[in-house]
Structure formats: C-alpha cells, structure tokens
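Before any comments, here is the structure.
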Amino acid sequence: MLNSRVAYRVYSDVFSPDDCVKIEEAARKRPKLTGKVAEEGVKQPEIVNREIRDSDIYFFAEEWIARKIQEVVVRANTDAGWNLNVTDLEPFQFGEYGTGGYYDWHLDSLGEPYTDKGRLTGKVRKLSMSVLINDPGEFEGGEFEVSSGYRDNRPVEKVVELEKPGDVVVFPSVLAHRVRPVTKGTRKSLVCWILGPPYT
C-alpha cells in the first residue's frame with residue numbers, strides 16, 4: 001500500500017497571506033456547521049461527539065484553491081514516495097477551533113469506499129491535507145500532531161511544525177492525527193481529502 005517510511009510532508013508558502021484571507025471569506029459564505037465524526041464508516045451518518053471533536057466547520061469549493069491543492073498533493077505524493085493512485089478532491093473544509101476546541105486522535109480514511117456520493121462513489125480517501133490559515137501568534141495550543149506507528153512498543157507521536165499562514169502538511173489518510181486543545185484564541189485551518197480507487 002505505502003512503500004515509504006515518510007509519514008508526512010510539509011510545504012511552506014503554498015498559499016499567500018492574501019490567499020488565506022480569501023479562503024476564509026469564501027468559506028464564510030457557506031453555512032457554519034458543528035464538526036462531526038464518522039463513528040460507523042461511510043454507511044452511517046456522522047454525529048456530534050464533543051468527547052472527540054469540538055470545532056466549527058464550513059464546507060465549500062473554489063476552482064483556484066483546488067488547482068493549488070492538486071499541485072501540492074501531486075508533489076507530496078512523488079516527494080514522499082507514496083505514489084498513490086489519486087483522482088479526486090472532496091469539497092474543502094474550513095475549520096475553526098476556539099478556546100477549548102480540539103479534535104482527538106482519529107483517521108481520515110473511512111475504512112471503505114463511498115456509496116451514493118456522486119463522482120466519489122466507489123472511491124476511498126488516500127491522502128489528507130491541512131493548511132494553517134491564521135498566524136500561530138493568534139492562538140495558543142492547537143498543535144497538529146501525527147502518530148506514525150510504534151518504536152520500542154511506544155507510539156511515535158510528533159507535532160507538525162506549521163509556522164505561518166499558508167503552510168501545508170500532506171499525509172496518508174490512514175495516519176492517526178489530532179489537533180490538541182486550543183488554550184487561547186482561535187486556530188483556523190483548511191482541510192481537504194484526496195481520493196482514488198480502492199487499494200488492490
């Protein structure tokens with residue numbers, strides 16, 4: 001499935017500060033929703049579970065954002081040696097984590113292909129991407145952390161350093177990750193999932 005030891009790739013300045021402002025403006029034209037979790041896979045509705053996730057989200061799509069995402073995902077897929085067969089993007093998710101907000105350990109891969117999802121039907125999440133939208137000086141806590149397996153019977157957990165707005169992390173959707181609780185201010189991010197045919 002993944003013939004690489006690389007857990008994730010980080011790229012700086014993928015989106016400019018002005019881009020990040022435009023992303024937030026585009027997202028806020030859509031309805032604000034409470035972040036949900038998929039506890040039973042793709043065949044059951046997502047639910048609100050604040051023991052796992054506490055955030056507000058907006059779903060939207062913009063052609064210019066999709067082009068930039070495609071560019072960085074293709075680059076990461078090659079640079080990391082994942083070489084996954086990916087073909088589609090899901091709608092973007094703009095997320096806000098206010099003080100106390102968080103998203104505990106979870107996987108983005110849903111364990112099975114989508115059903116009844118239009119052009120995404122029959123496809124699975126393979127790569128995930130997260131963009132830091134606002135300056136880290138605007139919040140405390142809220143670190144993005146990945147768990148890339150075990151060493152000496154202990155989980156290998158690492159904070160991904162996203163230093164400024166527009167920095168991006170790309171990682172396989174089967175990788176466990178979390179957003180630690182925000183202790184002050186608001187953390188803003190853009191998330192997208194990249195899909196392809198099921199693994200064979």
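Because only heavy atoms are used, hydrogens play no part in the values below, and waters and symmetry mates are left out as well, while side chains stay in.
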Closest non-hydrogen atom pair, [X] against [Y]:
X: V73; Y: L127; value: CG1-CD1, 3.8 Å
X: W82; Y: P172; value: CZ2-CD, 3.6 Å
X: Y199; Y: K126; value: OH-CG, 3.5 Å
X: S130; Y: V191; value: OG-CG2, 4.0 Å
X: Y58; Y: A27; value: CD2-O, 3.4 Å
X: Y8; Y: V159; value: OH-O, 4.5 Å

Is any side-chain heavy atom of [Y] closer than 4.5 Å to one of [X]?
X: V169; Y: L162; answer: yes
X: W105; Y: V146; answer: no
X: I65; Y: I23; answer: yes
X: P165; Y: N134; answer: no
X: M129; Y: V72; answer: yes
X: F139; Y: K188; answer: no
X: L107; Y: L175; answer: no
X: T186; Y: T99; answer: no

Any donor-acceptor pair under 3.5 Å from [X] side chain to [Y] backbone:
X: S109; Y: G111; value: no
X: R30; Y: F60; value: no
X: R187; Y: G142; value: yes
X: D167; Y: D13; value: yes
X: D104; Y: R53; value: no
X: D56; Y: T34; value: no

Determine whether S189 and F144 satisfy the following criterion, side chain to side chain contact (heavy atoms under 4.5 Å, CB included), listing intermediate values before the conclusion.
CA-CA 10 Å; S189 64; F144 184 87; over 6 Å; no
Atom [atom1] in [X], atom [atom2] in [Y]: separation rounded to 0.5 Å?
X: N85; Y: N77; atom1: CG; atom2: CG; result: 9.0 Å
X: I133; Y: K164; atom1: CD1; atom2: NZ; result: 13.5 Å
X: I194; Y: C192; atom1: CD1; atom2: SG; result: 4.5 Å
X: E62; Y: R67; atom1: CD; atom2: CZ; result: 10.0 Å
X: F171; Y: S148; atom1: CZ; atom2: OG; result: 12.5 Å
X: S16; Y: K22; atom1: OG; atom2: NZ; result: 7.0 Å

Evaluate whether atom NZ of K68 has more than 12 neighbouring non-hydrogen atoms of other residues, nucleotides or ligands under 6.0 angstrom away.
yes
Evaluate whether atom CZ of R154 has more than 12 neighbouring non-hydrogen atoms of other residues, nucleotides or ligands under 6.0 angstrom away.
no
Transitively linked via ILVMFWY side-chain contacts under 4.5 Å: [X] with [Y]?
X: V156; Y: V174; answer: no
X: I57; Y: I69; answer: no
X: V170; Y: V74; answer: no
X: L132; Y: F15; answer: no
X: V131; Y: V21; answer: no

Any chance the side chains of [X] and [Y] put a donor and an acceptor closer than 3.5 Å?
X: D54; Y: Y103; answer: no
X: Y102; Y: R178; answer: no
X: S173; Y: S128; answer: yes
X: W193; Y: D108; answer: yes
X: Y114; Y: E90; answer: yes

Start with the C-alpha distance between V124 and L195, add both sets of side-chain angles, then the distance that settles side chain to side chain contact (heavy atoms under 4.5 Å, CB included), and finish with yes or no.
CA-CA 5 Å; V124 297; L195 296 88; 5.9 Å; no
Does K158 pair with E145 as a salt bridge, N-O distance under 4.0 Å?
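Answer for the salt bridge query: no.
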Inspect the contact between R119 and D88 and indicate whether a charged nitrogen and a carboxylate oxygen are less than 4.0 angstrom apart.
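Yes.
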Step by step, work out the side chain to side chain contact (heavy atoms under 4.5 Å, CB included) result for Q70 and L89.
CA-CA 8 Å; Q70 288 170 332; L89 303 178; 4.0 Å; yes
Please report the C-alpha distance between E24 and R28 in whole Å, then the side-chain angles of each, then the deciding distance to 0.1 Å, and finally whether the salt bridge (charged side-chain N to carboxylate O under 4.0 Å, His left out) criterion is met.
CA-CA 6 Å; E24 182 171 355; R28 291 189 185 282; 2.9 Å; yes
Please determine whether side chain to side chain contact (heavy atoms under 4.5 Å, CB included) holds for the pair I47 and V37, giving the CA-CA distance in whole Å, both sets of side-chain angles, and the decisive distance to 0.1 Å.
CA-CA 5 Å; I47 64 168; V37 297; 4.1 Å; yes
